[in-house]
Amino acid sequence: MSDWYLDFVDLNYRPSKDDLVCLFRVEPAKGFSMKEAAGRVASESSAGTWTTLYKLPKRVKKIMAIAFDIKGNYVKVAYPLELWDKGNAPQLLSGIAGNIFGMKALNNLRLLEVSLPKTYLKNFKGPRYGLKGVRSILKVKKRPLTGAVPKPKIGYSAEEHAKIVFETWMGGFDLGKDDENLVSTSFNKFENRVRLMSKLRDKAEKLTGARKSALLNITGETGEMIKKAKMLHDYGWEFAMIDIVTTGTAAVQTLRDVCGDYGLAIHAHRAMHATFDRNPRHGLSMYFLGKIMRMIGVDQIHVGAVVGKLVGTKEEVSGISNMLRSMHSKPTKETLEQKWFKIKPMLPVSSGGIHPGLIPEIMNILGNDFVLLVSGGIHGHPNGTREGAKAAMQAIEATMEGVSLSEYSRSHKALKAALGKWGYSTFK
């Protein structure tokens, strides 16, 4: 049986410019060599089966994936363009991230990265607005964009939710945000929240003279998401939030078109991502997920905060963020070269257990081109949400001016109170 699998390995093969290339980390099961394991990955993800066959059309030889580079546990596999349905992200995942993860010949398999050729990328639209477009919507040129979720993440009525977001805006933040598990409940219906927040948005803009918006969660059955996207458009909102893992790539592709027609940017929440990307030896990488979502066309996506409550190393979070914002990514041990051509850069989103004392460190890691979500870290402020938002904005100002928070807090009471409660502590 192994003879057929080894037909999918050729260490002298050099990928063509139209080949899609994947980088895997492979751990063979006992009794299998790395070469045999690599052959099984290439076979099962393309045109193979478990045994030699009586007869094959000549075409099959031309569309077989080839494992062409094996270095330790790292394996690169090249896939001919003919394998892929144009513009079909679910079909791509069914191939390169499908049955291969259940093969007995592998103890662990990690899909680290995919390099997307121009001929494949041209069938996807990428972000409608991207990094520059979102900044233009909110009229923020240099600093990180800011947003907050009412906390606890679910439990408020639509009226209570809207009032907390209003306080967030009045403290200087750009965005209110729904959390990933809030769409519409008996006590906080989506349509009521949208309507009430619209009125308070207009009031906040009038009082502050600044643009205010929100990331309202439309996650659900695809038809329902389309209806909710129209409602956001009708009430003058600029963003729709989608839980992109739980809804799936097919729904995200559909909503990219729908939201594009309505002029809505897509805020991608990654809820459920850690089910497949937390184990460094198995599953998919967050880098891969971010890349696929840039290809499909979301405008911003959560990447972690390093110093917050969620997993994600400095190297991982900065690597993902740089890939999302760059037009040309250089290869590393666990990434591949990628040119994005006409696909726009997008914004990484940093969130999870952030408070004002952590902001300088996050900005040191991510720079200024990202969305900073500080939720519990403003609502838990000793003097309330508005003062908490002011404290976070003051921390951003201090960092951009190159002034330490301790020094800045001497003349900024909101920041001083925040540091008095949380200090500079990070999650362990």
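When a residue number appears, it is its place in the shown sequence, counting from 1.
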May I have the step-by-step check of ring pair (Phe, Tyr, Trp, His ring centres under 6.0 Å) for H267 and H302, ending in yes or no?
CA-CA 9 Å; H267 176 88; H302 290 237; 4.9 Å; yes
Distance alone, cut at 3.5 Å: any donor-acceptor contact between the side chains of E44 and N99?
yes
Using modelled atom types only, decide if a donor and an acceptor are shared between the side chain of H269 and the backbone of I242 within a distance under 3.5 Å.
no
Side chain proximity check, I218 to L255, heavy atoms < 4.5 angstrom:
yes
If we only count heavy atoms from C-beta on, is the M241 to I266 side-chain gap below 4.5 Å?
no
Treating R25 as the side-chain partner and P280 as the backbone partner, does any N or O pair qualify as donor plus acceptor under 3.5 Å?
no
Do the ring planes of W422 and H355 sit parallel (below 30°), tilted (30 to 60°) or perpendicular (above 60°)?
parallel
T168 side chain to F173 backbone, donor-acceptor under 3.5 Å:
no
Check this for me, if you would: do R270 and D243 make a salt bridge, where the nitrogen-to-carboxylate-oxygen distance has to be below 4.0 angstrom?
no
More than 12 heavy atoms of other residues, nucleotides or ligands under 6.0 Å from NZ of K421: is that the case?
yes
Tell me the closest heavy-atom pair linking P144 and M400, and the distance in Å.
CD-SD, 4.4 Å
Side chain to side chain contact (heavy atoms under 4.5 Å, CB included) for R201 and S213? Distances and angles first, verdict last.
CA-CA 7 Å; R201 171 201 61 202; S213 194; 5.6 Å; no
Hey, what do you get for NE2 (H273) to CG (L284), rounding to the nearest 0.5 Å?
12.0 Å
May I ask you to decide whether D299 forms a salt bridge with K344, counting only side-chain N to carboxylate O separations under 4.0 Å?
no
State whether E191 and R195 are salt-bridged, where the test is any N-O pair (Lys NZ or Arg NE/NH1/NH2 against Asp/Glu carboxylate O) under 4.0 Å.
no
Side chain Q253, main chain A89, donor-acceptor under 3.5 Å
yes
Do S285 and D277 get their side chains close enough for a donor-acceptor pair, meaning under 3.5 Å?
no
Are K151 and D179 close enough for a salt bridge, meaning some N to O gap below 4.0 Å?
yes
Go through K291 and E113 one step at a time and tell me if the salt bridge (Lys or Arg N to Asp or Glu O under 4.0 Å) criterion holds.
CA-CA 8 Å; K291 192 168 199 177; E113 165 65 304; 3.0 Å; yes
Set out, in order, the CA-CA distance, both residues' side-chain angles and the distance that settles side chain to side chain contact (heavy atoms under 4.5 Å, CB included) for E27 and L109, then state yes or no.
CA-CA 6 Å; E27 291 183 23; L109 178 67; over 6 Å; no
Tell me whether R211 is salt-bridged to E238, with the criterion being a basic N under 4.0 Å from an acidic carboxylate O.
yes
Could you walk me through whether K71 and D69 pass side chain to side chain contact (heavy atoms under 4.5 Å, CB included), step by step?
CA-CA 7 Å; K71 289 185 174 68; D69 189 300; 2.9 Å; yes
Would you check if there is a donor-acceptor pair between the side chains of E337 and H328 at a distance under 3.5 Å?
yes
Is K125 salt-bridged to D257, going by a charged N under 4.0 Å from an acidic O?
yes
Return the CE to CG distance between M170 and L200, rounded to the nearest 0.5 Å.
10.5 Å
Quick one: list whatever passes side-chain contact (heavy atoms from CB on, under 4.5 Å) with A78, sequence neighbours left out.
Y13, P15, D19, V21, F68
Let's go through S45 and Y79 carefully: what are the C-alpha distance in whole Å and the side-chain angles of both, what is the deciding distance for side chain to side chain donor-acceptor pair (under 3.5 Å) to 0.1 Å, and is it a yes or a no?
CA-CA 9 Å; S45 56; Y79 297 86; 2.7 Å; yes
Side-chain touch P356/L415, heavy atoms, less than 4.5 angstrom:
yes
Can you tell me how far CG of L216 sits from CH2 of W237, rounded to the nearest 0.5 angstrom?
5.5 Å
Evaluation steps, salt bridge (Lys or Arg N to Asp or Glu O under 4.0 Å), between K163 and E159
CA-CA 6 Å; K163 286 180 178 178; E159 185 175 24; 3.8 Å; yes
Counting distance only, does the side-chain N/O of Y129 pair as donor-acceptor with the main-chain N or O of G263 below 3.5 Å?
yes
Give a yes-or-no answer on whether the side chains of N188 and S157 include a donor-acceptor pair shorter than 3.5 Å.
no
Electrostatic pair E180:K153 at N-O distance under 4.0 angstrom
yes
Side chain R325, main chain S321, donor-acceptor under 3.5 Å
yes
Backbone N/O of S33 and side chain of E36: donor-acceptor pair under 3.5 Å
yes
Heavy atoms, side chains only, cut-off 4.5 Å: are L116 and F341 in contact?
no
Counting N and O atoms only, with roles assigned by atom type, does the side chain of D174 sit under 3.5 Å from a partner on the main chain of T146, one being a donor and the other an acceptor?
yes
If you apply the rule ring pair (Phe, Tyr, Trp, His ring centres under 6.0 Å), what do you find for H161 with Y156, and how did you get there?
CA-CA 6 Å; H161 185 111; Y156 291 115; 7.3 Å; no
Nearest heavy-atom pair of I296 and F124: which atoms, and what distance?
CA-CD2, 4.4 Å
For E361 and Y424, test the side chains for any donor-to-acceptor distance below 3.5 angstrom and give the result as yes or no.
no
Give the C-alpha distance, both sets of side-chain angles, the deciding distance and a yes or no for side chain to side chain contact (heavy atoms under 4.5 Å, CB included) between I96 and W84.
CA-CA 11 Å; I96 64 175; W84 310 116; 3.8 Å; yes
Any side-chain heavy-atom pair from K132 and R135 closer than 4.5 angstrom?
no
Do other residues, nucleotides or ligands put more than 12 heavy atoms under 6.0 Å from the CD atom of E205?
yes
Any salt bridge between K227 and E224, counting N to O under 4.0 Å?
yes
Going by heavy atoms in the side chains, are P348 and I301 under 4.5 Å from each other?
no
For T119 and D18, run side chain to side chain donor-acceptor pair (under 3.5 Å): C-alpha distance rounded to whole Å, both residues' side-chain angles, the deciding distance at 0.1 Å, then the answer.
CA-CA 6 Å; T119 44; D18 292 332; 3.0 Å; yes
Between S425 and L358, the two heavy atoms sitting closest are O-CD2, 3.1 Å
So do the side chains of N368 and R143 get within less than 4.5 Å of each other, counting heavy atoms only?
no
Is there a donor-acceptor contact under 3.5 Å from the side chain of R128 to the main chain of A265?
no
Is there side-chain contact between L121 and W340, with heavy atoms separated by less than 4.5 Å?
yes
Under a 4.0 Å threshold between the charged nitrogen and the carboxylate oxygen, would K62 count as salt-bridged to E82?
no
So CD1 of I362 and NZ of K314: to nearest 0.5 Å the spacing works out to 12.5 Å
Any side-chain to backbone donor/acceptor pair from S184 onto K189? Under 3.5 Å, distance only.
no
Residues which pass side-chain contact (heavy atoms from CB on, under 4.5 Å) with D234, listed by chain and number, not counting sequence neighbours:
K230
Quiz item: cation-pi between K76 and F24, 6.0 Å / 45°:
no
Ignoring hydrogens and angles, state whether a donor on the side chain of N217 or T219 is under 3.5 Å from an acceptor on the partner side chain.
yes
